[in-house]
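Report on one structure; see the data block that follows.
Remember, it's 1-based here, ligands and their atoms both numbered in the order they're listed.
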Amino acid sequence: MRIWRWFPIVLVVPLLTAAEKAAPAPARITDAEARMRRDITFLASDQCEGRGPGTRGIDKAADYIADQFKKAGLKPAGADGSYFQPFTINANVLDEPARLALTGTQGQTIALKQGVQFWPMALGGSGSDKAPVVFAGYGISSNKAKYDDYADVDVANKVVVLLRGAPRGGQSDRNRELMKGAPFVEKIANAEKHEAAAILFVNDADTARDGDGLLDFNYTAFTRSVGSIPVFHVRRSVLETMLPGGADTLTMLEKDINREMKPHSRELPDWTVNVSVRMHHGKIDAKNIVGVVEGAGPLADETVVVGAHYDHLGFGGNGSLSVSRKMAIHHGADDNASGTTTMMELARRFAAMKDRQGRRLVFIAFSGEELGLFGSEHYCKHPLYPLEETASMFNLDMVGRLRTDKASGKAKLLSEGCGTAKPFRALLDKLGDKYDFKMVNKPSGFGPSDHASFCGKEVPVLFLWTDYHDDYHRPSDTSDKINVAGMRRIADLSQEAITTLARMDKPEYVKVKGDSPLKYEGPTLGLLIDYGYQGEGVMLKGVREGRPAAEAGLQADDCIISINNKPINSVQTYMTVMAGHRKSDTIEVGIIRDGKKKTVKVKLE
Ligand SMILES: [Zn+2]
């Protein structure tokens with residue numbers, strides 16, 4: 001089917017209007033919204049598995065986007081005549097399926113199946129061992145709470161089986177103290193301190209209430225491994241097999257621990273466990289999707305990039321703000337199926353125009369954004385069209401929750417980057433008026449999305465979005481909550497913005513005062529910053545494998561409050577202060593961890 005059949009109105013627009021003064025030229029509203037609803041519903045569906053790099057779901061999403069580009073008539077700009085620009089992301093990778101087997105006293109062996117009864121966890125290390133088993137409760141030792149699951153058992157060179165979570169039957173102060181020992185990383189460190197040979201984690205009764213789900217390897221593949229011993233997540237049935245009395249005994253043990261607030265650790269003398277995990281710090285494959293609409297006339301050799309990231313958090317993992325401790329599809333409808341959908345709609349509209357005057361439009365769906373802007377950084381290092389001749393970059397990330405601004409009664413649209421080129425502010429003012437948005441404009445071009453990579457290369461950028469919400473980075477960011485009509489309105493404004501960007505005199509890049517173009521060229525710590533954090537300082541949602549912050553022991557939930565005694569109250573000041581440092585400097589990073597101030601030395605690279 002030829003795509004232009006869908007766009008009767010768009011096709012006549014260039015004939016009716018002068019380029020810059022063009023009236024809004026949306027396709028028939030119902031058609032555009034129907035297409036956008038279809039796209040976002042697919043991208044945010046269970047089929048796409050939350051579009052986490054390394055999942056099969058993200059490949060389905062990539063094929064879908066490439067297919068839409070093809071149907072719209074975009075020229076493929078990727079490798080080997082395809083729409084794909086491949087790259088890799090550092091991650092922990094399994095060399096082979098891990099092995100886990102239980103052997104009973106009579107020599108009977110139960111070989112368990114990876115993905116069915118267990119998954120190895122990337123938080124642990126490689127190794128193989130055959131060892132006796134000890135059930136060590138929640139695996140928590142806390143002086144303050146006067147509680148130690150390891151007090152009465154010797155786990156040296158043995159496999160420990162641990163419940164997730166923490167005992168909850170005490171007073172709130174005591175429970176809070178015990179919760180500090182609940183994160184996987186704390187339990188792994190504690191087990192290693194007690195010289196355990198390996199760890200098998202099981203869901204506690206609460207986590208398993210509606211289904212005893214496993215966290216698969218990819219859930220932790222992008223986090224720094226903290227342990228050196230093999231670590232597994234196993235089904236409760238595995239522990240039940242080894243406990244005399246089975247499921248009833250496990251239920252009783254948990255109840256007793258919680259009621260008495262006393263450990264009930266015990267050896268499981270009838271069993272030995274064989275474990276084997278082989279993994280390494282490797283790479284996983286990812287890809288950007290790139291489709292081109294050529295322009296015509298004297299500016300046709302120059303480029304405007306229109307981008308939106310299509311990856312999201314998959315089943316959760318490090319970037320998740322989900323309160324449950326389960327694997328769940330993080331649908332990422334707003335973040336960023338909405339931007340991807342809007343970008344595809346724009347691609348269709350521009351591809352359907354005949355002899356469009358102006359610059360080439362390069363439409364890119366980026367991957368690896370949530371893990372650290374990897375896709376856009378890769379494009380900027382290996383641009384398919386020269387960056388010197390890339391006049392501007394237009395980015396859409398989270399445009400699906402258009403809401404009314406109470407004061408003005410208008411729909412509120414946020415922009416960033418208007419300070420990166422002189423004409424941008426006036427352009428946004430004009431478009432905001434014309435399309436009836438309350439615009440909130442931020443000059444900086446270094447916000448937390450892919451345009452920052454281009455800004456770092458001194459390409460002027462514009463970024464549109466519709467603000468954070470309670471479903472941000474949670475499984476509940478679903479397509480039924482998307483304001484599709486609002487998204488279509490943003491597409492209409494974007495169409496005119498991009499038309500202008502494609503035809504205006506090449507804008508000169510302006511460095512915004514206080515903004516740091518060094519961010520991606522100067523030293524970086526390898527932080528995963530929680531941009532949704534509202535308080536003082538820079539909150540970490542994680543650190544990147546093998547980078548300085550990870551080496552120095554920084555971790556998720558640390559809040560950076562100073563660097564070399566200079567107070568850091570926001571991401572902006574963090575970037576400004578970091579820009580003043582050089583690679584190979586050692587800096588003192590002040591953090592708050594678990595409510596306590598701490599200083600960590602970090603060697604930059
Ligand atoms: Zn996000």
Side-chain angles (χ1 to χ4, degrees), residues 40 43-45 48-55 57-58 61-62 65 89 91 218-219 221-223 286 288-289 307-323 327-343 364-378 395-402 414-417 442 446-454 461 463-479 481-483 487 490 526-534 538-544 556-557 571:
I40 199 163
L43 292 171
S45 69
C48 291
E49 297 180 314
R51 307 184 306 281
T55 62
I58 196 172
I65 296 162
I89 299 174
N218 277 335
Y219 192 85
F222 300 100
T223 43
N288 297 327
I289 306 146
H309 78 85
Y310 72 102
D311 65 297
H312 192 52
L313 302 169
F315 291 90
N318 221 11
S320 173
L321 302 175
S322 166
V323 285
M327 267 199 36
I329 294 176
H330 285 53
H331 295 88
D334 185 35
D335 186 8
N336 183 30
S338 67
T340 309
T341 293
T342 308
M343 182 270 289
I364 312 180
F366 294 109
S367 186
E369 191 269 355
E370 300 285 9
L371 293 166
L373 310 186
F374 290 121
S376 51
E377 278 183 23
H378 179 82
N395 187 30
L396 296 155
D397 189 354
M398 293 172 63
V399 291
R401 297 287 191 110
L402 191 67
L414 281 60
S415 90
E416 295 188 18
K442 196 168 158 184
F446 283 109
S449 185
D450 293 306
H451 57 284
S453 304
F454 288 81
V461 295
F463 164 49
L464 298 183
W465 67 306
T466 52
D467 217 341
Y468 293 112
H469 45 80
D470 289 345
D471 301 306
Y472 173 70
H473 280 205
R474 296 206 160 97
S476 52
D477 178 7
T478 48
S479 59
K481 293 175 186 150
I482 293 297
N483 178 352
M487 218 162 53
I490 295 169
L527 306 178
L528 298 171
I529 292 172
D530 176 3
Y531 290 101
Y533 172 70
Q534 306 283 340
V538 173
M539 181 59 81
L540 307 188
K541 60 182 190 186
V543 291
R544 251 185 253 164
D557 299 331
V571 176

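Between Glu370 and Leu313, the closest heavy-atom pair is CB-CD2, 3.9 Å.
Annotation: Asp467, atom CG; neighbour count of heavy atoms from other residues, nucleotides and ligands within 6.0 Å is above 12.
Among the backbone and side-chain atoms of Glu369, none of the N, O or S atoms lies under 2.8 Å from the Zn ion (ligand 1). Coordination check, His309 versus the Zn ion (ligand 1): failed, since every N/O/S atom of the residue sits at 2.8 Å or beyond.
A donor-acceptor contact shorter than 3.5 Å is absent between the side chain of Asp397 and the backbone of Trp465.
Counting just the N/O/S atoms of Asp335, the one with the shortest distance to the Zn ion (ligand 1) is named OD2.
Ring orientation note: the planes of His473 and His312 are nearly perpendicular, at an angle over 60° on the 30°/60° scale.
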